[in-house]
Number of protein chains: 2
Amino acid sequence: MAIRPAEQLIHKAAWLYYAHGLRQDEVANQLNISRASVAMYLRKARETGIVNISTSTQLFTDDVMARRLEDALKLDAVWIAPENAYLADPSTDIAVLAASVFLELVRKGDRIGVAWGRTVYTIADIMSYADLQDVTVVQLCGNLGAPYSYRPDQCTMEIARRLNAKGLNFYAPLVLSTEELAQGLRAEPVIRDQLAGISDCDLALYSIGAVDADSHLVKCGALTAAEMAALRREGAAGVIAGQIIDADGALLDCSYNRRVISAGLASLRAIEKRLMVVQEDSKFEPLLAAVAGGLCTHLVVGAHMAQRLLDHAGAPAEKAS
Amino acid sequence: MAIRPAEQLIHKAAWLYYAHGLRQDEVANQLNISRASVAMYLRKARETGIVNISTSTQLFTDDVMARRLEDALKLDAVWIAPENAYLADPSTDIAVLAASVFLELVRKGDRIGVAWGRTVYTIADIMSYADLQDVTVVQLCGNLGAPYSYRPDQCTMEIARRLNAKGLNFYAPLVLSTEELAQGLRAEPVIRDQLAGISDCDLALYSIGAVDADSHLVKCGALTAAEMAALRREGAAGVIAGQIIDADGALLDCSYNRRVISAGLASLRAIEKRLMVVQEDSKFEPLLAAVAGGLCTHLVVGAHMAQRLLDHAGAPAEKAS
DNA sequence: CACGGCTCTCGACAAAAGTCAAATTTGAAT
DNA sequence: ATTCAAATTTGACTTTTGTCGAGAGCCGTG
């Protein structure tokens, strides 16, 4: 009886405890094990996603500001993390909220596209586990060599792991040195299939990158700070799924973009729910660009950013309720 | 500060505790209230469905028997509550399982049809609360006058309450004394709309009734025991949403059925997910009839019933793995 | 304006859950 | 067959959580 506790026992314990509402010692009796074991099983059940504890994110959408933003930016839904309040670290709050929202948007059987970045990885990292068997998580863009934890493949894998889902990785570099090579690689069946499968996604999760020397593209060596600055002068406004967009949210016509292996903007727009999460206030303009380009239908931001967006949108018919 | 704790506070407390993982005393500090209050808010949050604790019902479908039943009966999914084990009362286990399954099947924005009966009411009664705002629960059939708690309207209302959803009740008797009156009533705009709206449902929840003197139809005075016995001789095999079906799951051609105000079988079949829950072993034949009539796509039963169903289905290619 | 009735709040106690190091068992490799 | 490392279980302890009755603020009513 001291063999493999297996899913079986964990499941039974979780069932009796959470579904039937027995106490831990009652569960222990039923299953003929010690209460300590039950406690352990229950922790495992929570960690595995066999039991799911989720809190409604309603409050954050019900917010007046959120509603106004939805109207102003023509988005399906907006969640605003109140920054002043509660927690020490506001950006954590945004990530926690984003993780909840994400889990709320996922359905069984979904196909999910995941981009990369510190924000996305933070979300993956704090996201609780869930037991979504038929879910597939696909990587939206090629990889970077850098050993950062927020690399595209890491983000994809981690989220897949949390969801008990299949992770479909993308075994190609994000950027190549010549356009020809990129073109050739994109034509490769393995890569082509992956790229083609992106528009079949039901949900996408990404953030937006700024066009400056702090960008991950620079940190990871895909571009030099100087090249970045040059692109900026040419109209680069943001980075999404490794690609550079202009202020209208269109793909910037530049060599870099032609050397990238990533989900085309059209494929991204074909995804029904596009969840964008922005933590840093500095990403105001990149975010505007992404919204302009219709790359985002669901948005999670902090209160401060929300206010700036609203102000920018030209205070559409102030209504004091 | 001793005013309306409102949803606001409950929500904040739940958020900090469940999403951020703070301890109750930490939450109490953040919100400047006593820990006791926090504990209370958290209970309310759980009771309201602001936080959702659900346990995966996977184990009960992963069961070998469940899989075989799915194949044998051509159902989308089957859940089997292990009867021998765990609990004192097996029928409670079935209801708890059914409630979990039900909540797993509901999506935001869904329209849900609910029939009636002791089983359905039991499920409603133990079902945990959820925060599904855009859900509508519609009553599938007319009412009975009897003061039982499991009347159609009670079932509908209770489930709507648990889901924080709108309940659409059906203000007509289940059975009338003449066919003409029934016909007339069915033509009434209010009633007609309700009936017409049933096929738009995404999910239905019902059980199946036996054709005997214990039937609720008899207890509630819709039929006498003698009439029931007569119907049985005429081929009645089960009762679904107040209507009598034969062994093939077709509507029995009888005066009673013509006097009933209820969702037509065709409307029921038009509902994508039809969740049938059967607690009593005695409902074997009625269940067969319902399955034969395609009135059920998702099934929750006890282990004993499952075994009987499998045996009946003629042991399709025994495979020992 | 005083009076219940109401709900919300808090302190203190009881109950339940979480944790840890030691003991036991398992499975595999020597 | 024996040994060892890893995994599992447990009892004892600590921390956290649930609950109760008393008290405090609010509101409509007489």
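The structure presented is a predicted model; accordingly, all values stated were derived computationally and were not measured. Labels below follow one simple rule: chain letters A, B, ... track the order of the sequence lines, proteins then strands, and each chain is numbered from 1. Computation of the quantities below employed the complete heavy-atom set of this structure, encompassing side-chain atoms and omitting hydrogens, waters and symmetry-equivalent molecules.
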### All ring-ring contact (aromatic ring centres under 6.0 Å, His included) counterparts of A:Y171, not counting sequence neighbours
none
#### Entry: All ring-ring contact (aromatic ring centres under 6.0 Å, His included) counterparts of A:Y129, not counting sequence neighbours
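Applying ring-ring contact (aromatic ring centres under 6.0 Å, His included) to A:Y129 gives none.
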Could you check how far [atom1] of [X] sits from [atom2] of [N], rounded to whole Å?
X: A:I10; N: D:dT8; atom1: CD1; atom2: P; answer: 9 Å
X: B:I33; N: D:dA24; atom1: CD1; atom2: C1'; answer: 16 Å
X: B:L31; N: C:dC8; atom1: CG; atom2: P; answer: 16 Å
X: A:N32; N: D:dT10; atom1: CG; atom2: C1'; answer: 14 Å

### Query
Going 5' to 3' along nucleotides 11-18 of chain C, which nucleotides have protein heavy atoms under 4.0 Å from the base (write B), which only from the sugar-phosphate (write S), and which from neither (write -)?
B----SBB
Would you list the pairs meeting salt bridge (Lys or Arg N to Asp or Glu O under 4.0 Å) in which at least one residue belongs to [range], sequence neighbours left out?
range: residues 26-41 of chain B; result: none
range: residues 122-132 of chain B; result: B:D125-B:R162
range: residues 109-123 of chain B; result: B:R118-B:E280

### Task
Classify the ring geometry between A:H298 and A:W79 as parallel (under 30°), tilted (30 to 60°) or perpendicular (over 60°).
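Aromatic pair A:H298/A:W79 classed parallel.
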### Query
Given C:dC8, is OP1 or OP2 found less than 4.0 Å from the side-chain N or O atoms of B:Y41?
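No, B:Y41 has no side-chain N/O under 4.0 Å of OP1/OP2 on C:dC8.
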